[in-house]
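The next block holds one structure in the form of structure tokens; read it before the comments.
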Amino acid sequence: MSDNSPVTKQTTGEEAALLPPVDVIENASGITLYADLAGVPKDKLHLQVEADTLTIEGEIDLEMPEGIEASHSEVSVSRYRRVFTLSKELDATRVGAEFKNGVLKLSIPKAEHAQPRKVEIKVV
Amino acid sequence: MMYRSLFPRDVLAELNRLQREMQQGFHLSPNIRGIARGGFPAMNVGGTPQSVDVYAFAPGIDPATLDVQIEKGVLTVAGERKLEQPGEDATVHIDERFAGRFRRVVTLPDDVDPSAVDAKYRDGVLRISIGRKQSAQPRRITIE
């Protein structure tokens, strides 16, 4: 890492990573998550669901001419990483993923038993 | 309505990000066009003896709607990012992604050739490569 890099190595042993901005929207059928992962090709995107933890990781891979020297850089780390905790009413086994133009769209449906049900109120 | 409790954020990651942003803030040199950092799209600029390369991190945009112009040594990237609107019955828990119109401006070095421009959009990154003028390129002089 060069001296003028504003990013310092983290002491936790984990590599420095960018936190991708996300939108999370919920409706009756489930949750939709959008994440901005610009510069990540499809084969360098890694999604993992383990127990109730969803991990989104991606490696930026840009086509760069040989001998390029940076004069201004706002994206100085080449890795994205973000972790979410899923709640138990979500069905992690049926997560749908689409990835296009650097935008990841994840659809996480609600488990069958957690679908909304109208509660009838009996008047006695 | 905003509920932020469903997906508790990674506090350590957030603190690290804040720390990084603060450190980056100290490296900031005053720019006549205001604070350049933190805008959309994020930009990296680099160069080789043959070209100047600008990378704009603009995911999820139809490249046909992007407007790239070079005028008087200034490169402008403008456009609009439209996001899918949540339905009527939907609840937005996290809303961080940029939406709306944007415009960013980069001052180019004096030796670029505005007619030798190549722009590509791949994986959400717009790469603009501008050639340098032939006369400005280093030339080896042979001694006879």
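Computed from a predicted structure; not experimentally measured. Chain A is the first sequence line, chain B the second, and so forth, proteins listed ahead of strands; every chain is numbered from 1.
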So, the part of A/E63 with a heavy atom under 4.5 Å from chain B: the answer is both
Honestly, the part of A/I60 sitting under 4.5 Å from a heavy atom of chain B is side chain
Taking every heavy atom of A/I25 against every heavy atom of B/P86, the minimum-distance pair comes out as CG2-CB, 3.8 Å
Closest non-hydrogen atoms of A/A51 and A/V49, given as atom of the first, atom of the second and distance, are O-CG1, 4.0 Å
Ranked by heavy-atom pairs below 4.5 Å to chain B, first place among A/P20, A/A35, A/P65 goes to A/P65
Applying a strict 4.5 Å limit to non-hydrogen atoms, the region of B/R127 in contact with chain A is side chain
The interface call for A/V40 against chain B, heavy-atom contacts under 4.5 Å, is backbone
N/O donor to acceptor pairs below 3.5 angstrom from side-chain atoms of residues 96-109 of chain A, sequence neighbours left out:
none

The interface call for B/I61 against chain A, heavy-atom contacts under 4.5 Å, is backbone
Identify whether the distance between the nearest side-chain nitrogen and carboxylate oxygen of B/D111 and B/R132 falls below 4.0 Å. yes
B/F57 and B/F40 have their tightest heavy-atom pair at O-CE1, 4.1 Å
